Enquirer: 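Before we start, here is the structure in question, set down as structure tokens.
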There are 2 protein chains.
Amino acid sequence: MAQEQIRIPQATARRLPLYYRFLNNLHSQGKQRVSSAELSEAVKVDSATIRRDFSYFGALGKKGYGYNVNYLLGFFRKTLDQDELTKVALIGVGNLGTAFLNYNFLKNNNTKIEIGFDVDETKVGTSIGDVPIYHMDQLKEKLVEEGISVAILTVPAPVAQIITDQLIEADIKGLLNFTPARLNVPPSIRVHHIDLAVELQSFVYFLKHYPSNEKEDTI
Amino acid sequence: MAQEQIRIPQATARRLPLYYRFLNNLHSQGKQRVSSAELSEAVKVDSATIRRDFSYFGALGKKGYGYNVNYLLGFFRKTLDQDELTKVALIGVGNLGTAFLNYNFLKNNNTKIEIGFDVDETKVGTSIGDVPIYHMDQLKEKLVEEGISVAILTVPAPVAQIITDQLIEADIKGLLNFTPARLNVPPSIRVHHIDLAVELQSFVYFLKHYPSNEKEDTI
DNA sequence: GTGACTTTGTGATATAGTTAACAAAAAAAC
DNA sequence: GTTTTTTTGTTAACTATATCACAAAGTCAC
């Protein structure tokens with residue numbers, strides 16, 4: 001089902017969900033058309049960058065007019081596989097994990113946390129925000145059973161690698177790592193690190209050492 | 001007190017806290033020396049990139065030997081202002097906010113969440129993880145009183161801009177925004193966006209459309 | 001002390017990402 | 001229907017980042 005696409009730059013790919021969300025907002029406000037300049041104001045991305053990003057997918061706009069919101073939205077829905085649901089597992093139901101469960105992402109969205117895991121017996125067997133929590137012992141068994149190949153890792157740092165090894169065993173494809181550990185995985189598995197302590201520290205570094213001018217946001 | 005430094009690339013600056021943390025680990029393991037190759041293995045950053053990063057600060061290593069862990073650690077401690085504490089406010093004590101409060105960053109770290117704000121009367125007046133929670137009405141008053149100029153924003157998206165306007169009033173300098181909203185701020189204020197829904201969505205997009213090869217991590 | 005080995009620091013190069021600027025096309029005004 | 005205005009799509013230039021590859025300077029073994 002994955003449509004073959006000319007490879008777009010990663011920086012562009014990272015902005016697509018953002019565009020999609022704001023187009024949704026515009027749509028529900030009843031807007032029919034939007035220019036790259038307007039969109040730029042909303043998402044805080046240079047308008048030339050937006051036009052460039054869109055152009056990787058062909059000529060989506062019309063000169064002198066802008067972009068048709070509905071058309072663009074439909075196009076991105078397909079491109080971002082918004083009709084196909086990706087099931088995600090959450091490993092580690094601590095404070096951060098619980099935040100994710102309560103948040104859950106299925107709003108205008110194509111991802112859903114289907115299952116959670118923890119070692120805490122008081123959590124095992126319960127549900128948080130509709131998501132059932134299982135014991136970590138059942139990790140492999142349940143992931144295979146449910147056919148889940150994406151995991152969010154929110155466990156304590158010291159056990160991060162051990163659990164990662166189990167996830168590899170369970171044939172996971174992608175791992176969104178919120179622990180401070182840098183994980184060892186085979187090259188076939190994609191890992192993104194989101195390191196909140198590093199984010200805060202480097203942010204403070206920027207504040208002290210760089211004159212701020214609203215540039216260089218994360219995401 | 002801010003030492004005047006030749007401007008280093010932002011990409012390098014973002015990696016510094018990471019290096020610092022792993023050097024700390026090595027130090028507490030009793031390691032005396034480390035090569036860029038070893039460090040590369042640990043932090044998953046190319047060894048040439050590490051050497052280049054370090055070289056912006058001068059010749060910190062020794063050929064044929066590597067880097068002295070203690071020396072490097074001391075150097076980065078100064079560079080990252082680890083002796084100077086930056087006080088941070090947390091705005092919005094929901095699930096994610098609570099996760100931050102319980103996490104708190106002051107481990108080997110130069111940042112501390114000093115104060116929290118929420119509108120929920122059951123939370124106001126309590127403390128979470130040692131951090132007192134005040135009502136949002138006291139935002140400006142308390143921030144000015146405590147001399148806090150960095151805030152973490154974990155409020156619901158619809159009120160993000162309103163509260164941001166209050167933070168601007170309170171003369172904030174930096175804002176780490178965890179809401180999906182793209183905030184309007186004057187150019188003198190630095191904003192970093194960390195958009196968890198976008199992270200997850202773009203991650204899933206990468207998984208489907210790009211052959212994974214362990215590259216291009218988010219910090 | 002000598003030769004083999006290690007590892008840095010950095011020029012050169014490659015790769016990626018952003019932005020200015022503008023012709024071309026269409027829309028809007030009249 | 002003509003002119004003015006708007007706005008795209010893209011070429012070209014620029015800026016940033018990552019990586020290769022290697023001389024230079026040391027360490028290490030004996």
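If you're wondering where the values come from, they're calculated on a predicted model, not measured in any experiment.
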Enquirer: Report the nucleotide, chosen from dT19(D), dT8(C), dA21(C), that has the shortest atom-to-atom distance to any side-chain atom of Arg51(B).
Expert: dT8(C)
Enquirer: Return each pair, listed once, that meets ring-ring contact (aromatic ring centres under 6.0 Å, His included) where at least one residue sits in residues 149-185 of chain B; pairs must be two or more places apart or across chains.
Expert: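 Passing the test, one end in residues 149-185 of chain B: Phe100(B)-Phe178(B).
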Enquirer: End-to-end bend of the helix from dG1(C)-dC30(D) to dC30(C)-dG1(D) (five-pair axes, 10° rounding)?
Expert: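 Axis-to-axis angle, ends of the helix: 30°.
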Enquirer: Nearest whole Å is fine: how far is dT8(C) C1' from Asp53(B) CG?
Expert: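 Taking CG of Asp53(B) and C1' of dT8(C), I get 14 Å after rounding.
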Enquirer: What pairs with Phe22(B) under ring-ring contact (aromatic ring centres under 6.0 Å, His included), at least two apart in sequence or on another chain?
Expert: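 By the ring-ring contact (aromatic ring centres under 6.0 Å, His included) rule, Phe22(B) matches no residue at all.
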Enquirer: With nearest nucleotides of DNA chain C determined for Ser55(B) and Lys62(A) from heavy-atom distances, which residue corresponds to the more 5′ nucleotide?
Expert: Ser55(B)
Enquirer: Is the Lys NZ or Arg CZ of Arg190(A) less than 6.0 Å from the centre of Phe203(B)'s six-membered ring, within 45° of the axis?
Expert: no
Enquirer: What are the atom names and distances for every N/O pair under 3.5 Å that joins the protein to nucleotides 12-17 of chain C?
Expert:
unit_1: dA12(C); atom_1: N6; unit_2: Arg52(B); atom_2: NH2; d: 3.1

Enquirer: For Val159(B), what residues pass the side chain to side chain contact (heavy atoms under 4.5 Å, CB included) criterion, not counting sequence neighbours?
Expert: Val155(B), Pro156(B), Ile163(B)
Enquirer: So which heavy atom on Ala160(A) is nearest to which on Ala181(A), and how close?
Expert: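 Here Ala160(A) and Ala181(A) meet closest at CB-CB, 3.8 Å.
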Enquirer: Take Gln29(A) and Asn25(A) through the side-chain hydrogen bond (donor to acceptor under 3.5 Å, both in side chains) test and state the conclusion after the steps.
Expert: CA-CA 6 Å; Gln29(A) 283 163 34; Asn25(A) 290 354; over 6 Å; no
Enquirer: Has Thr154(B) got a side-chain atom pairing as donor or acceptor with Ile91(B)'s backbone, closer than 3.5 angstrom?
Expert: yes
Enquirer: Just wondering, more than 12 heavy atoms not from Gln32(A) lying within 6.0 Å of its CD?
Expert: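 No, not enclosed.
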Enquirer: Taking only nitrogen or oxygen atoms into account, show me every contact under 3.5 Å that the protein makes with nucleotides 28-30 of chain D, one pair per line with its distance.
Expert:
unit_1: dC28(D); atom_1: OP1; unit_2: Arg33(B); atom_2: NH1; d: 2.8

Enquirer: Which one, dT8(C), dG9(C), dA24(C), comes nearest to the side chain of Ser35(B)?
Expert: dT8(C)
Enquirer: Checking contacts here: which listed nucleotide (dA26(C), dT19(C), dG9(C)) is nearest the side-chain heavy atoms of Thr49(A)?
Expert: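 For the Thr49(A) side chain, the nearest candidate turns out to be dT19(C).
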Enquirer: Give the rounded distance in Å between these two atoms: CD1 of Ile50(B) and P of dT10(C).
Expert: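 Going from Ile50(B) (CD1) to dT10(C) (P), I get 16 Å.
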Enquirer: Filter on salt bridge (charged side-chain N to carboxylate O under 4.0 Å, His left out), then keep only pairs touching residues 53-73 of chain B, sequence neighbours left out; what's left?
Expert: Arg15(B)-Asp53(B)
Enquirer: Report yes if a side-chain nitrogen or oxygen of Ser36(A) is closer than 4.0 Å to either non-bridging phosphate oxygen (OP1 or OP2) of dT8(D); otherwise report no.
Expert: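 Yes.
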Enquirer: Give one of base, sugar-phosphate or nothing for Phe54(B), where a contact means two heavy atoms less than 4.0 Å apart.
Expert: nothing
Enquirer: Provide, to the nearest angstrom, the distance between the CD atom belonging to Glu38(A) and the C1' atom belonging to dT8(D).
Expert: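 Atom-to-atom, Glu38(A) to dT8(D), this comes out as 14 Å.
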Enquirer: Suppose we screen for side chain to side chain donor-acceptor pair (under 3.5 Å). Which residues come up paired with Asp118(B), at least two apart in sequence or across chains?
Expert: none
Enquirer: So, using salt bridge (Lys or Arg N to Asp or Glu O under 4.0 Å) as the criterion, who are the partners of Asp171(B) when residues are at least two apart?
Expert: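 For Asp171(B), the residues satisfying salt bridge (Lys or Arg N to Asp or Glu O under 4.0 Å) (neighbours in sequence not counted) are Lys173(B).
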Enquirer: Considering only nitrogen or oxygen atoms on both sides, find all protein atoms under 3.5 Å from nucleotides 1-4 of chain C and state each distance.
Expert:
none

Enquirer: Take the protein atom CG of Leu60(B) and the nucleotide atom C1' of dG26(D), then report the distance between them rounded to whole Å.
Expert: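 My rounded result for the distance is 16 Å.
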Enquirer: Ignoring the backbone of Asp46(A), work out which of dT19(C), dT7(C), dT27(D) is nearest its side chain.
Expert: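 The nucleotide sitting nearest to the side chain is dT19(C).
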Enquirer: Looking at Arg14(A), Gln82(A), Arg21(A), which one forms a side-chain hydrogen bond (donor to acceptor under 3.5 Å, both in side chains) with Gln201(B)?
Expert: Gln82(A)
Enquirer: To the side chain of Tyr67(A), which of dG9(D), dA24(D), dA20(C) is closest?
Expert: dG9(D)
Enquirer: Please work out whether the ring planes of Phe57(B) and Phe75(B) are parallel, tilted or perpendicular, with thresholds of 30° and 60°.
Expert: perpendicular
Enquirer: I'd like to check the side chain to side chain contact (heavy atoms under 4.5 Å, CB included) partners of Glu38(A); sequence neighbours left out, ordered by chain and number.
Expert: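 Result, side chain to side chain contact (heavy atoms under 4.5 Å, CB included) vs Glu38(A): Lys31(A), Val34(A), Ser35(A).
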Enquirer: Hey, which of these two, Val45(A) or Lys63(A), hits DNA chain C nearer its 5' end, going by closest nucleotide?
Expert: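 Going by which nucleotide is closer to the 5' end, it is Val45(A).
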Enquirer: Which residues pass the side chain to side chain contact (heavy atoms under 4.5 Å, CB included) test with Ala99(A), not counting sequence neighbours?
Expert: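 Only Asn95(B), Leu96(B) meet the side chain to side chain contact (heavy atoms under 4.5 Å, CB included) criterion with Ala99(A).
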Enquirer: Nearest whole angstrom, please: distance from the C1' of dT17(D) to the CG of Leu16(B).
Expert: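 The distance from CG of Leu16(B) to C1' of dT17(D) comes to 15 Å, rounded to the nearest Å.
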Enquirer: Calculate the interatomic distance between Asn68(B) atom CG and dT7(C) atom P; express it in whole Å.
Expert: 15 Å
